[in-house]
Student: 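Dropping a structure here in structure tokens format, bear with me for questions.
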Amino acid sequence: SAVNSIACGSGIVVAACSGGSGHNNIIYSDSYSGNVLGKVWNTSSTNIFGSSNLFSVVYNGNVWVASAMDSKIFWSADGVAWDKGTFSVDGQSTVWYTLGSLLQANSSMTQDINIMSVSWNGSEFLAKAGYFGMGGSATTVTDVTSQDGISWTLPNNVQAWEDTTQKDRKSTRLNSSHSSVSRMPS
């Protein structure tokens, strides 16, 4: 297994891994039983429901959240026992266990979606979902948010599920409106 992301809590470190199966994709090290933190690593007590690659893990002080290649989110209160997160469209009652299933049922998207990263901004979790194109380049399809790390919501406007990597992007190349004056002193 390869470690893709590490998050630290009080007395515990959790790593999201790829290349394993089930229990081996979340590993943790704790100092609760007198261990030196980071020296002894344990596998999760929960099978991560067949997810072979976890991309990222984050901790907000209350809940751990991990993102998976197969468009799943997992959460844990203690970093050891894990459960699946759920996805829904704002204002709708249908709940999905994978983001890919939700997107395919509610839009024209047919590509396999990965949840490439998850972060905490101080008030909510944010997951970046997308797919990998030719040559391994990633495209963000949509942002998914959660207040608790367990229930994730997409806006009810399907047009908002666009390539968010393209929003407000400015070119760094020179064009005819730029002068070629050097900014370095001569």
Side-chain angles (χ1 to χ4, degrees), residues 1-33 35-87 96-103 111-133 135-154 163-165:
S1 291
V3 173
N4 294 323
S5 177
I6 293 177
C8 300
S10 180
I12 186 169
V13 177
V14 174
C17 303
S18 60
S21 62
H23 306 295
N24 299 326
N25 291 334
I26 292 282
I27 59 175
Y28 67 94
S29 177
D30 64 39
S31 60
Y32 302 134
S33 56
N35 294 328
V36 175
L37 194 60
K39 186 172 183 179
V40 176
W41 289 86
N42 306 291
T43 57
S44 170
S45 62
T46 307
N47 186 332
I48 302 295
F49 310 100
S51 291
S52 59
N53 294 304
L54 296 181
F55 288 131
S56 64
V57 63
V58 65
Y59 180 61
N60 74 347
N62 295 314
V63 66
W64 300 85
V65 175
S67 65
M69 182 176 109
D70 52 1
S71 76
K72 295 175 187 166
I73 290 279
F74 300 100
W75 68 273
S76 173
D78 61 6
V80 178
W82 293 78
D83 203 353
K84 289 186 222 177
T86 60
F87 299 93
W96 305 86
Y97 287 103
T98 71
L99 179 60
S101 297
L102 181 153
L103 291 173
Q111 295 166 314
D112 290 332
I113 301 297
N114 299 313
I115 300 177
M116 299 177 286
S117 68
V118 64
S119 60
W120 171 253
N121 68 13
S123 61
E124 67 182 357
F125 290 97
L126 173 67
K128 292 283 187 183
Y131 59 92
F132 292 97
S137 61
T139 300
T140 300
V141 174
T142 191
D143 295 337
V144 191
T145 59
S146 175
Q147 298 296 312
D148 61 8
I150 301 167
S151 302
W152 294 77
T153 307
L154 274 79
D163 181 355
T164 58
T165 60

Student: Which distance, rounded to the nearest 0.5 Å, do you find between the CG of Asp30 and the CG of Leu37?
Tutor: 8.0 Å

Student: Rounded to the nearest 0.5 Å, what separates atom OG in Ser151 from atom CD1 in Ile73?
Tutor: 11.5 Å

Student: Write down the atom of Val63, the atom of Ser76, and the distance for their closest heavy-atom approach.
Tutor: CG2-O, 3.3 Å

Student: Is there a side-chain contact between Phe74 and Val57 in this structure, where contact means two heavy atoms from C-beta onward sitting under 4.5 Å apart?
Tutor: no

Student: Set out, in order, the CA-CA distance, both residues' side-chain angles and the distance that settles side chain to side chain contact (heavy atoms under 4.5 Å, CB included) for Ile12 and Val80, then state yes or no.
Tutor: CA-CA 10 Å; Ile12 186 169; Val80 178; 4.2 Å; yes

Student: Among Val65, Asn62, Asn60, which one satisfies side chain to side chain contact (heavy atoms under 4.5 Å, CB included) with Trp120?
Tutor: Asn60

Student: Determine, stepwise, if the pair Ile115 / Phe87 fulfils side chain to side chain contact (heavy atoms under 4.5 Å, CB included).
Tutor: CA-CA 12 Å; Ile115 300 177; Phe87 299 93; 3.6 Å; yes

Student: Indicate yes or no: at least one non-hydrogen side-chain atom of Trp41 is less than 4.5 angstrom from one of Val13.
Tutor: yes

Student: Which distance, rounded to the nearest 0.5 Å, do you find between the OG of Ser44 and the CD1 of Ile27?
Tutor: 11.0 Å

Student: Is the shortest side-chain heavy-atom distance between Ser29 and Asn35 below 4.5 Å?
Tutor: no

Student: Would you call the rings of Tyr59 and Trp64 parallel, tilted or perpendicular, taking 30° and 60° as the class edges?
Tutor: parallel

Student: How far apart are the C-alpha atoms of Phe125 and Val58, what are their side-chain angles, what is the distance that settles it, and do they pass the side chain to side chain contact (heavy atoms under 4.5 Å, CB included) test?
Tutor: CA-CA 9 Å; Phe125 290 97; Val58 65; 3.8 Å; yes

Student: So, do Asn25 and Trp82 sit near enough that their side-chain heavy atoms are less than 4.5 Å apart?
Tutor: no

Student: Report yes if the side chains of Leu154 and Trp96 come closer than 4.5 Å at any heavy-atom pair, otherwise no.
Tutor: no

Student: Of the non-hydrogen atoms in Ser146 and Trp152, which two are nearest, and what is the gap between them?
Tutor: CB-CD2, 3.4 Å

Student: Does the Ser18 side chain pair with the main chain of Asn53, one donor and one acceptor, at a distance under 3.5 Å?
Tutor: no

Student: Considering residues at least two apart in sequence or located in another chain, which fulfil the side chain to side chain contact (heavy atoms under 4.5 Å, CB included) criterion with Leu126?
Tutor: Ser119, Lys128, Asp143, Thr145

Student: Grab the two heavy atoms, one from Val3 and one from Ala15, that are nearest each other, plus how far apart they are.
Tutor: CG1-CB, 4.0 Å

Student: Could you tell me whether a side-chain N or O of Thr98 sits under 3.5 Å from a main-chain N or O of Lys72, the two making a donor and an acceptor?
Tutor: no

Student: Among all residues two or more places apart in sequence or in another chain, which pass the side chain to side chain contact (heavy atoms under 4.5 Å, CB included) test with Ile150?
Tutor: Trp75, Asp148

Student: Please examine the side chains of Thr86 and Tyr97, heavy atoms only from C-beta on, and report whether any two atoms are closer than 4.5 Å.
Tutor: yes

Student: Between Ser117 and Ser56, do the side chains contain an N or O donor and an N or O acceptor separated by less than 3.5 Å?
Tutor: no

Student: So, for Leu99 and Ala129, which heavy atoms are closest and what is the spacing to 0.1 Å?
Tutor: CD2-CB, 3.3 Å

